[in-house]
Protein chains: 2
Amino acid sequence: MYTPYTMSTRGRLSRERILEDALRIVDSEGLQGLTIRRLAQELDVTPMAVYRHFKNKTDILDGLIELVIAEGQATEHDTEGWQAWIEVTFLRMRASLLQHPGVLPLLGSSASYGLQSLRITERLLGKLRGAGLGADAVARGLHLLVSYTLGAVAIEVAAREQQQSAEAGTQQEWQRQLRQRFESADIAEFPNLVALAPKLSRFVEEAEFGLGVRQIIRSLTPEA
Amino acid sequence: MYTPYTMSTRGRLSRERILEDALRIVDSEGLQGLTIRRLAQELDVTPMAVYRHFKNKTDILDGLIELVIAEGQATEHDTEGWQAWIEVTFLRMRASLLQHPGVLPLLGSSASYGLQSLRITERLLGKLRGAGLGADAVARGLHLLVSYTLGAVAIEVAAREQQQSAEAGTQQEWQRQLRQRFESADIAEFPNLVALAPKLSRFVEEAEFGLGVRQIIRSLTPEA
DNA sequence: TGCTCATTGTGTACGGAGTATACATGAGAC
DNA sequence: GTCTCATGTATACTCCGTACACAATGAGCA
């Protein structure tokens with residue numbers, strides 16, 4: 001068989017292998033646990049070997065974003081009905097982002113929305129247009145859904161990190177945390193926050209996220 | 001006048017002065033431009049002097065988040081009508097986040113939602129409850145609005161960084177960028193993306209963001 | 001089979017990051 | 001005047017990303 005380029009099958013390393021190990025490190029030790037030296041050690045190789053496959057560390061981080069996004073749409077699904085299809089798509093995207101919370105800070109930075117992001121965007125646009133929505137509604141709908149998902153996941157991740165130290169959930173626990181963190185502030189300054197704390201803390205659940213997505217979808221269609 | 005604690009009025013430095021200079025650096029040179037040495041130089045002081053006022057660099061970054069959020073609600077406003085009030089509040093929050101795009105990656109990380117964040121949350125909850133919404137609607141409404149804002153700003157910031165290299169805007173420009181970045185991918189793979197590009201690129205405007213917020217608010221109230 | 005040479009991994013080293021630790025200084029309180 | 005403690009300094013250590021020169025390897029052609 002003739003191959004015009006050897007396409008790097010010769011060495012032990014490859015972009016794929018490096019990215020997989022990098023993602024494993026980020027998952028287990030966080031983004032700041034990912035250093036070139038640590039990564040090289042995991043790959044059983046010299047630090048500089050990595051630079052034969054990536055221009056620099058930023059290049060690796062960009063690859064991680066793409067990897068996680070690709071994972072979110074790894075397996076096709078043919079859910080019936082465009083509304084349900086969209087809901088499932090965003091639920092999956094949320095799931096894979098939550099599975100790799102370390103990469104989330106990367107999404108907000110750098111202008112690296114690559115091929116995978118474009119692919120999923122394209123399919124979403126297709127579904128929305130197919131539903132008979134006008135161009136403006138389609139554009140705004142996509143923007144609402146993507147923004148909401150990104151923000152919701154960011155908030156969920158932050159909330160989960162906060163739960164590390166103290167298991168929250170009960171109202172007393174919430175009050176105690178508030179009081180503890182802002183001893184100087186009067187707890188009476190936040191009556192609504194305290195009253196609604198149980199409901200607010202429920203927004204780290206998949207079901208609630210799904211309801212949010214559905215509400216946005218419903219708001220796109222003119223009074224059904 | 002008697003003061004029980006001197007509260008650090010003696011030295012040249014203070015938490016406030018340090019945070020102000022830190023924010024100025026982040027604004028002008030980005031988050032990665034903020035180093036302790038650079039900051040100390042700006043303050044005309046030794047690097048280690050900063051550590052008399054902050055436990056570590058993370059402590060400084062947490063302070064920056066609070067500073068920006070505080071700025072977003074610096075001046076009160078008494079817009080008539082709860083819906084308009086909420087819209088103005090989120091428009092302001094977006095504006096101050098966009099004014100300091102460098103701190104945005106910080107919002108996604110760390111569990112540091114401080115006093116300022118709680119204050120604005122409390123007021124929003126009050127407005128929503130005052131509008132006669134049920135507890136569930138209030139909680140979901142807050143979550144939708146905050147998540148949307150966070151995500152929308154993140155996307156705006158990323159889009160603006162992308163515009164640095166090439167002024168986008170026209171449809172031809174968009175196509176050229178797409179083709180350039182994914183030479184191997186067939187442009188025909190993204191028909192919807194190309195068709196809707198002009199509308200999609202409009203989502204870096206304040207007006208469009210406001211429309212998104214209004215649409216969410218409208219979806220909260222049962223068929224008016 | 002053996003020469004050639006691009007590709008891939010190594011070794012060493014440099015500048016800059018955050019920050020621990022010990023020390024200097026200077027402004028109130030007595 | 002002297003004590004004391006908060007504030008800023010000096011020095012140095014570890015770890016980071018990565019530039020640069022070199023060594024090994026294996027595919028392609030003679």
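Everything quoted here is computed from the prediction, not taken from an experiment. Reminder, nothing fancy here: chain letters follow the sequence lines and each chain counts from 1. Worth knowing before you read on, the calculation uses all heavy atoms, side chains too, and leaves out hydrogens, waters and symmetry mates.
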Taking Thr46(A) for its side chain and Ala49(A) for its backbone only, find out whether a donor-acceptor pair lies under 3.5 Å.
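Checking the backbone N and O of Ala49(A) against the side chain of Thr46(A), no donor-acceptor pair under 3.5 Å is found.
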Is there a donor-acceptor pair under 3.5 Å between the side chain of Arg17(B) and the backbone N or O of Arg12(B)?
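Confirmed, Arg17(B) side chain pairs with Arg12(B) backbone.
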Salt bridge (Lys or Arg N to Asp or Glu O under 4.0 Å) against Lys57(B), all qualifying residues, sequence neighbours excluded
none
Return the set of residues passing salt bridge (Lys or Arg N to Asp or Glu O under 4.0 Å) with Arg123(A) (not counting sequence neighbours), or none when no residue passes.
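For Arg123(A), the residues satisfying salt bridge (Lys or Arg N to Asp or Glu O under 4.0 Å) (neighbours in sequence not counted) are Glu76(A).
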Could you note down all residue pairs passing ring-ring contact (aromatic ring centres under 6.0 Å, His included) where residues 138-162 of chain B supplies at least one of them, sequence neighbours left out?
His143(A)-Tyr148(B), Tyr148(A)-His143(B), Phe203(A)-His143(B), Tyr148(B)-Phe209(B)
Grab the stems for DNA chain D, please: at least three consecutive Watson-Crick or wobble pairs, both distances below 3.5 Å, written as range with range.
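Consecutive-pair runs (3 or more) involving DNA chain D: C:2-30 with D:1-29.
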Between [atom2] on [N] and [atom1] on [X], what's the gap in Å once rounded to a whole number?
| X | N | atom1 | atom2 | result |
| --- | --- | --- | --- | --- |
| Leu31(A) | dC16(D) | CG | C1' | 14 Å |
| Ile36(A) | dT18(D) | CD1 | P | 6 Å |
| Arg17(A) | dG9(C) | CZ | C1' | 13 Å |
| Tyr51(A) | dA19(D) | OH | P | 7 Å |
| Lys57(A) | dA17(C) | NZ | P | 15 Å |
| Arg15(A) | dG9(C) | CZ | C1' | 17 Å |
| Phe54(B) | dA20(C) | CZ | C1' | 19 Å |
| Gln41(B) | dT9(D) | CD | C1' | 17 Å |

Just jot down the side chain to side chain donor-acceptor pair (under 3.5 Å) partners of Glu208(A), sequence neighbours excluded, or say none.
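Per chain and number, Glu208(A) pairs via side chain to side chain donor-acceptor pair (under 3.5 Å) with Arg202(A), Arg140(B).
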Looking at dT7(C), I'd like to know if its phosphate oxygens (OP1 or OP2) sit under 4.0 Å from a side-chain N or O belonging to His53(A).
no
Partners passing side-chain contact (heavy atoms from CB on, under 4.5 Å) against [X] (at least two apart in sequence or in another chain):
| X | answer |
| --- | --- |
| Arg52(B) | none |
| Pro47(A) | Ile36(A), Arg37(A), Ala40(A) |
| Thr121(B) | Leu193(A), Leu125(B), Leu142(B) |

Give me, pair by pair, the N or O atoms of the protein and of nucleotides 10-14 of chain C that are less than 3.5 Å apart, along with how far apart they are.
from	atom 1	to	atom 2	distance (Å)
dT10(C)	OP2	Thr46(A)	N	2.7
dT10(C)	OP2	Thr46(A)	OG1	3.2
dT10(C)	O5'	Thr46(A)	OG1	3.4

